[in-house]
Amino acid sequence: MSSTEDLSLEYRSFSLDLAEPLETADGTIDSRDGFLVRLVDESDDVGDGVVGVGDEPTAGPAVGYGEATPLQGWTESLDACERALERARDALQTDGPIEALETVDRQVAARHALALALADLQATRESTPLYRYLGQGPMVGRVPVNATISDGTPAETVRKAREAVDRGFDCCKLKVGIRSVEADIERVRRVREAVGSSVELRADANEAWTYEEAESALEAFTDLGVSILEQPLPAGALEGHADLRELNSGVSIALDEGLLEHGVDSICEADAADVVVLKPMALGGIDVARKVAAWLTELDVTPLVTTTIDGVVARTGAVHLAAAIPDVPACGLATGELLAADLGRDPVLLEKGSAVVPQAKGLGVSDVWSER
Ligand SMILES: O=C(O)CCC(=O)C1=CC=C[C@@H](O)[C@@H]1C(=O)O
Ligand SMILES: [Mg+2]
């Protein structure tokens, strides 16, 4: 690391509308507000830090990008996030990166932004793609991804699933839990009929169901070949999720909200999950999420990466995280297409149900600051 007085943090607010609202049992997400963060190391003129306009590299200091996009119920508020970024900026100047991270330890979105910017900067200095800096593993070309399908009528759900499959997705995650269980089963049945047996179907209830509702959904989902049921019961219901697993329905039980409430050890001690969903923004950064993933794997639970419907910087960070996890299943990383506009050009191509992992050094996101 260079001397701390050469490292400066800047941030800018942004607001991104979704192309159409994402209806979940936990509420509607229709826009994403947050902060784009840039770390600049003035002492480190690498000759290709991108500070100019457009894609052409221009001489300048090394830079690292981060993003803090709080989501109600999952992270700190937007105001608390901004105050935390301000503290991080000051601590970085006076004390250094480790102290800056410590000062935002409990504001997970702010910490995510700072940790990502530091990792991007360091991977850039080491001329290595971020996922290899994170995982030190082999080259990874692609990570499998799922399409994310909002709640809607059976006809709307079928239309969206068909469109996704036509665009190459072979895994669709359907939001359930807003309608009655019978209505959701009907939606899944109609989608299965429309897309055929080769497409993986998952459902995410965002804590909406009682044990009995989850049990009857599981019975039908077994016949419909649903692979994963995500967070059927409230986050607190560890025993309930363990009991659902004991039904041996053939449908894997995933915890998402439950991870934030209980942590890995309690989930594993209770045998409450086959799969655990990692949202780097809600966990405090891709570095934290990477450690959680390694611990889950050690304990025979499958980690799966998704976003909190983030801008291109955080989303690309999540793609690198997924690429650093060996044998990761399809991840919820195709969320850029839910946005009406983004922070900049997307370096991640979605192709045949996979995200093509950027192989440039660092995150591979280069034009987000200059274009705004
Ligand atoms: O996992 C995906 O396919 C995309 C991300 C996603 O579904 C979510 C993002 C943000 C908030 C939640 O409603 C939701 C989830 O619970 O997983
Ligand atoms: Mg979920």
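Every heavy atom of this structure was used, including side-chain atoms; hydrogens, water molecules and symmetry mates were not. Atoms within each ligand, like the ligands themselves, are counted from 1 in listed order.
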Give me the residue, atom name and distance of the protein heavy atom closest to [atom].
atom	answer
atom 7 (O) of ligand 1	K173 NZ, 3.0 Å
atom 16 (O) of ligand 1	N206 ND2, 2.8 Å
atom 14 (C) of ligand 1	K175 NZ, 3.1 Å
atom 3 (O) of ligand 1	T148 OG1, 2.6 Å

Problem - Reference residue R315; test side-chain hydrogen bond (donor to acceptor under 3.5 Å, both in side chains); the match among D310, T307, D342, T335 - result: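 With R315 as partner, D310, T307, D342, T335 yield a single side-chain hydrogen bond (donor to acceptor under 3.5 Å, both in side chains), made by D342.
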
Closer than 4.0 Å to some heavy atom of [X] - which atoms of ligand 1 meet that?
X	answer
D204	15 (C), 16 (O), 17 (O)
L71	10 (C), 11 (C)
T335	4 (C)
E230	17 (O)
T306	1 (O)
G332	1 (O), 2 (C), 3 (O), 4 (C)
D256	15 (C), 16 (O), 17 (O)

Exercise for the section: Using the rule that two of Ile, Leu, Val, Met, Phe, Trp, Tyr join whenever any of their side-chain heavy atoms come within less than 4.5 Å, decide whether V176 and L224 are in one cluster. Expected result: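 Yes; tracing contacts between hydrophobic side chains, which count when under 4.5 Å, links both residues.
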
Handout entry: Cluster overlap V288 with L299, hydrophobic side-chain contacts below 4.5 Å
Key =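 As far as the 4.5 Å side-chain criterion goes, L299 and V288 are connected within one cluster.
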
Which is the closest N/O/S atom of [X] when seen from the Mg ion (ligand 2)?
X	value
E230	OE2
D204	OD2
D256	OD2

Practice task
State if L333 counts as touching ligand 1 under the rule of any non-hydrogen atom under 4.0 Å.
Solution key: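 Checking ligand 1 against L333, which is what was asked, there is no heavy-atom contact under 4.0 Å.
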
Handout entry: Sub-4.0 Å heavy-atom contact, D26 with ligand 1
Key =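 No.
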
Handout entry: ligand 1 contact on L22 by region, counting heavy-atom pairs under 4.0 Å
Key =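 The answer is neither; L22 stays 4.0 Å or more away.
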
Exercise for the section: Of the side chain and backbone of T307, name the one, both, or neither that has a heavy atom under 4.0 Å from an atom of ligand 1. Expected result: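 Under 4.0 Å from ligand 1, T307 contributes backbone atoms alone.
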
Side-chain ([X]) to main-chain ([Y]) donor-acceptor, under 3.5 angstrom:
X	Y	answer
D256	Q231	no
D151	E23	no
R32	T69	yes

Practice task
Identify whether the distance between the nearest side-chain nitrogen and carboxylate oxygen of R202 and E200 falls below 4.0 Å.
Solution key: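 Yes, R202 and E200 are salt-bridged.
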
Exercise for the section: Look at R142 together with E351 and state whether they make a salt bridge at an N to O cut-off of under 4.0 Å. Expected result: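 Yes.
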
Problem - Aromatic plane relationship, F221 with W209 - under 30° parallel, 30 to 60° tilted, over 60° perpendicular - result: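 If you compare the ring of W209 with that of F221, the planes turn out tilted.
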
Exercise for the section: Return the option from Q72, E207, K279 holding the heavy atom at the smallest distance from atom 10 (C) of ligand 1. Expected result: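 The nearest heavy atom belongs to K279.
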
Handout entry: Of D184, D204, D26, the residue whose pairing with K175 passes salt bridge (Lys or Arg N to Asp or Glu O under 4.0 Å)
Key =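 The passing option is D204.
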
Exercise for the section: State, without any angle test, whether D33 and S15 hold a side-chain donor-acceptor pair at a distance under 3.5 Å. Expected result: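 Short answer, yes.
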
